[in-house]
Amino acid sequence: MSTLASTSLDDADADTTATSAHGRVSPAKVFAVALTLGTLTAVIDGRGTHHQLPVRSWTGRASRSDRFLLDHCHGSTIDLGCGPGRLAAELRDRGHDVLGVDASRSAIAGARRRDIPVVCGSLFDPVPSEGSWGTALLADGNIGIGGDPAGLLVRAGRIIRPDGRIVVDLAPAGTGLRVHQLHLRAGGLASTSFPWAELGPDALPETAAAAQLTIAQVTRRRGRTVAVLTHAREQGR
């Protein structure tokens with residue numbers, strides 16, 4: 001993800017001034033404020049568990065850990081939930097053809113300032129060159145978008161070419177599959193709630209099978225667990 005907010009709702013930016021009956025605003029509005037302030041909190045509904053999200057790193061340059069993740073990307077790469085574009089910028093600098101996709105206009109504006117080609121919209125909308133990308137990247141926990149990792153993997157599988165790959169940033173071992181309702185807080189604002197999931201390597205086999213994908217590789221380094229998934233028929237060739 002580069003962002004929870006940017007990918008939580010398909011039309012999250014349709015009206016960034018909209019306020020719910022309970023005084024909450026869209027996740028996209030909270031995220032836009034967070035980009036300015038450099039701080040963002042995710043709160044799991046029903047638990048009150050707070051997680052500080054690394055907004056400043058999303059707006060910076062790719063880290064060594066990020067570069068380890070991106071080593072798994074081959075050929076043309078579409079960054080699903082690109083946020084302000086730090087990973088897409090690193091891929092471009094490595095010589096990849098790259099496209100970022102995000103639902104947040106604020107995030108897209110940041111990516112454009114880095115001269116990244118981007119599309120503003122849902123990950124489930126048609127994308128340019130659909131079915132011909134070498135890699136679909138789901139970084140920073142973006143496998144959790146929509147609270148349905150298997151469904152998102154099915155979508156990513158349709159974006160890549162038959163011999164392409166999906167690179168997924170996983171949660172730590174032991175996480176399993178967890179689905180939450182959560183909301184965001186920044187600058188005194190709270191967002192409406194939306195579904196989000198966490199997927200660890202222990203729950204990956206079942207999730208990949210549900211999406212009719214094969215696990216080609218799972219590696220861990222620099223505190224990061226990265227999975228590479230391919231179409232099942234390609235693994236047997």
Side-chain angles (χ1 to χ4, degrees), residues 1-3 6-7 58 61-103 107-108 110-112 114-145 149-170 199 201 204 207-209 211-222 224-237:
M1 122 168 69
S2 293
T3 70
S6 68
T7 50
W58 297 339
R61 295 179 59 85
S63 66
R64 293 179 68 187
S65 176
D66 291 335
R67 293 193 289 273
F68 163 67
L69 167 70
L70 299 179
D71 287 344
H72 297 80
C73 297
H74 291 180
S76 61
T77 300
I78 184 166
D79 185 357
L80 301 175
C82 67
R86 87 181 188 285
L87 300 180
E90 173 69 18
L91 286 166
R92 177 203 56 204
D93 292 347
R94 292 182 179 203
H96 292 260
D97 290 330
V98 65
L99 177 71
V101 182
D102 207 291
I108 287 294
R112 285 181 174 145
R114 301 180 196 244
D115 295 323
I116 302 299
V118 287
V119 172
C120 187
S122 167
L123 307 189
F124 292 90
D125 291 339
V127 298
S129 302
E130 182 150 345
S132 65
W133 290 93
T135 299
L137 175 63
L138 287 163
D140 297 333
N142 278 347
I143 187 63
I145 292 168
L152 185 53
L153 287 175
V154 169
R155 171 61 184 139
R158 292 173 180 155
I159 291 173
I160 61 172
R161 62 185 184 233
D163 63 345
R165 55 176 43 200
I166 304 167
V167 174
V168 183
D169 227 345
L170 296 174
L199 179 67
L204 183 62
T207 304
Q212 297 186 323
L213 296 169
T214 295
I215 302 170
Q217 183 182 10
V218 177
T219 55
R220 177 173 173 78
R221 201 170 81 192
R222 301 193 183 281
R224 205 161 199 158
T225 303
V226 180
V228 176
L229 306 178
T230 63
H231 291 293
R233 62 181 177 275
E234 290 299 320
Q235 189 68 10
R237 289 185 180 179

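We number each residue from 1, following the sequence as shown.
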With heavy-atom distances below 4.5 Å as the criterion, would you say the side chains of [X] and [Y] are in contact?
{"X": "D79", "Y": "V101", "answer": "no"}
{"X": "C82", "Y": "I116", "answer": "no"}
{"X": "V167", "Y": "L69", "answer": "yes"}
{"X": "L138", "Y": "L153", "answer": "yes"}
{"X": "L213", "Y": "H231", "answer": "yes"}
{"X": "L80", "Y": "L152", "answer": "no"}

What distance separates [X] [atom1] from [Y] [atom2], expressed to the nearest 0.5 Å?
{"X": "T77", "Y": "I160", "atom1": "OG1", "atom2": "CD1", "answer": "11.0 Å"}
{"X": "W58", "Y": "L87", "atom1": "CH2", "atom2": "CG", "answer": "11.5 Å"}
{"X": "D169", "Y": "H72", "atom1": "CG", "atom2": "NE2", "answer": "10.0 Å"}
{"X": "S63", "Y": "E90", "atom1": "OG", "atom2": "CD", "answer": "9.5 Å"}

Checking [X] side chain against [Y] main chain: does a donor-acceptor pair fall under 3.5 Å?
{"X": "D102", "Y": "I108", "value": "no"}
{"X": "S76", "Y": "G134", "value": "yes"}
{"X": "R92", "Y": "P117", "value": "no"}

**OP:** Output yes when R155 and E130 qualify as a salt bridge under the 4.0 Å nitrogen-oxygen rule, no when they do not.
**Re:** yes
Write down the atom of [X], the atom of [Y], and the distance for their closest heavy-atom approach.
{"X": "A150", "Y": "A211", "result": "O-CB, 3.8 Å"}
{"X": "A156", "Y": "I166", "result": "CB-CD1, 3.7 Å"}
{"X": "A208", "Y": "L229", "result": "CB-CD2, 4.3 Å"}
{"X": "T230", "Y": "G164", "result": "CG2-O, 3.8 Å"}

**OP:** Tell me, yes or no, whether the heavy-atom count around Q212 atom CD, taken from other residues, nucleotides or ligands under 6.0 Å, exceeds 12.
**Re:** no
**OP:** List the steps and the verdict of side-chain hydrogen bond (donor to acceptor under 3.5 Å, both in side chains) for T225 and R220.
**Re:** CA-CA 4 Å; T225 303; R220 177 173 173 78; 3.1 Å; yes
**OP:** Kindly write out the residues that satisfy salt bridge (charged side-chain N to carboxylate O under 4.0 Å, His left out) with D71, not counting sequence neighbours, or none if the list is empty.
**Re:** R94
Original post:
Knowing that exactly one of V154, V168, L199, L170 qualifies, which makes a side-chain contact (heavy atoms from CB on, under 4.5 Å) with P149?
Top reply: L199
Original post:
Looking at D97, V98, L99, L137, which one forms a side-chain contact (heavy atoms from CB on, under 4.5 Å) with I78?
Top reply: L99
Original post:
D66 pairs by side-chain hydrogen bond (donor to acceptor under 3.5 Å, both in side chains) with which of R61, R224, R222?
Top reply: R224
Original post:
With a 3.5 Å cut-off and no angle check, do the side chains of H96 and T135 form a donor-acceptor pair?
Top reply: no
